[in-house]
Amino acid sequence: MPGPIDPAWLRVDLFPGATVASSGRTARDGEGLFSTQLLLALPDGTTRDTCVDTLTGALAGAVPKLERKDGEDARVTLSGSNDDYAVTMVCGEAKGKMSAYLSYRWLRPPKTP
C-alpha cells in the first residue's frame with residue numbers, strides 16, 4: 001500500500017470504489033532507490049478512456065509530459081518522468097474487469113517526511 005514517501009497521486013482513492021488487486025515495493029538498492037507498484041480493480045462501468053483521463057489528470061502537476069502508447073491488446077500505457085521518479089501506468093481490461101496499473105521508480109533518493 002502507498003506510504004508517506006510515495007508521490008501524492010499514488011493512492012487507492014484516485015478511483016472511487018476501486019479495490020487493490022495487488023501492491024508491492026522493491027527493496028532499496030545501494031543508492032536508496034526503489035520502485036512501487038499498485039494494481040487497482042476499477043468499479044464496474046469505468047471505461048479505458050476514463051481511466052486514462054483520471055491518471056493523466058492526477059499526474060498533470062507532477063509529470064506533465066506523459067507519452068501514450070495504444071497497445072494491440074486494447075491497453076493504453078502512459079509513461080513519463082520528472083527529476084525525482086519515472087512512472088509507468090496501464091489502463092485496460094484484465095480478467096474481464098477494467099484495471100489500472102500504477103508504478104514508479106525513484107531516480108534519486110526520496111525525501112523522507
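- Contact record, Cys51 with Ala100: SG-CB, 3.8 Å, taken as the closest heavy-atom pair.
- With rounding to the nearest 0.5 angstrom, the SG atom of Cys91 is 4.5 Å from the CG atom of Leu55.
- A donor-acceptor pair under 3.5 Å links the side-chain atoms of Asn82 to the main chain of Tyr85, judged by distance alone.
- With values rounded to the nearest 0.5 angstrom, Thr46 atom OG1 is found 11.5 Å from Glu93 atom CD.
- For the pair Trp106 and Thr36, the minimum side-chain heavy-atom distance is 4.5 Å or more.
- Not counting sequence neighbours, the partners of Thr47 by the side chain to side chain donor-acceptor pair (under 3.5 Å) test are Thr50.
- To the nearest 0.5 angstrom, Ser22 atom OG is 8.5 Å from Gln37 atom CD.
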Can you check side chain to side chain contact (heavy atoms under 4.5 Å, CB included) on Val20 and Leu39, steps first, answer last? CA-CA 6 Å; Val20 176; Leu39 179 62; over 6 Å; no

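- Side-chain heavy atoms closer than 4.5 Å link hydrophobic residues (I, L, V, M, F, W, Y) into clusters, and following such links, possibly through other members, connects Leu14 to Val63.
- The pair Asp53-Arg48 does not meet the salt-bridge criterion, since no charged nitrogen lies less than 4.0 angstrom from a carboxylate oxygen.
- The CZ atom of Arg108 sits 13.0 Å away from the CD atom of Glu31 when rounded to the nearest 0.5 Å.
- Panel note: side chain Lys69, backbone Val76; no donor-acceptor pair is recorded below 3.5 Å.
- Without hydrogens or angle criteria, Thr26 side chain to Ser35 main chain gives a donor-acceptor distance under 3.5 Å.
- The nearest pair of heavy atoms linking Lys97 to Leu42 is NZ-O, 3.0 Å.
- Met89 is not listed as a side-chain neighbour of Tyr101, based on a closest heavy-atom distance of 4.5 Å or more.
- Across every non-hydrogen atom of Ala18 and Leu40, the tightest pair is CB-CB, 4.4 Å.
- As a member of the Ile/Leu/Val/Met/Phe/Trp/Tyr network built from side-chain separations under 4.5 Å, Leu107 groups with nothing else and remains a singleton.
- Thr54 OG1 to Trp9 CH2: the interatomic distance, rounded to the nearest 0.5 Å, is 14.0 Å.
- No side-chain heavy atom of Leu78 sits under 4.5 Å from any side-chain heavy atom of Val87.
- Side-chain atoms of Arg75 never come within 3.5 Å of backbone atoms of Val90 as a donor-acceptor pair (strictly under, hydrogens ignored).
- Taking every heavy atom of both residues into account, Ala41 and Ser99 meet most closely at CA-OG, 4.5 Å.
- No side-chain donor-acceptor contact under 3.5 Å links Asp84 and Tyr104.
- Residues Pro110 and Phe34 have side chains in contact (heavy-atom distance under 4.5 Å, counting atoms from C-beta outward).
- Using a cutoff of 4.0 Å between basic side-chain nitrogens and carboxylate oxygens, Asp6 and Arg11 are not scored as salt-bridged.
- Nearest heavy atom pair, residue Pro109 against residue Leu33, reads N-CD2, 3.3 Å.
- Note on residues 55-67: no pairs pass side-chain hydrogen bond (donor to acceptor under 3.5 Å, both in side chains), not counting sequence neighbours.
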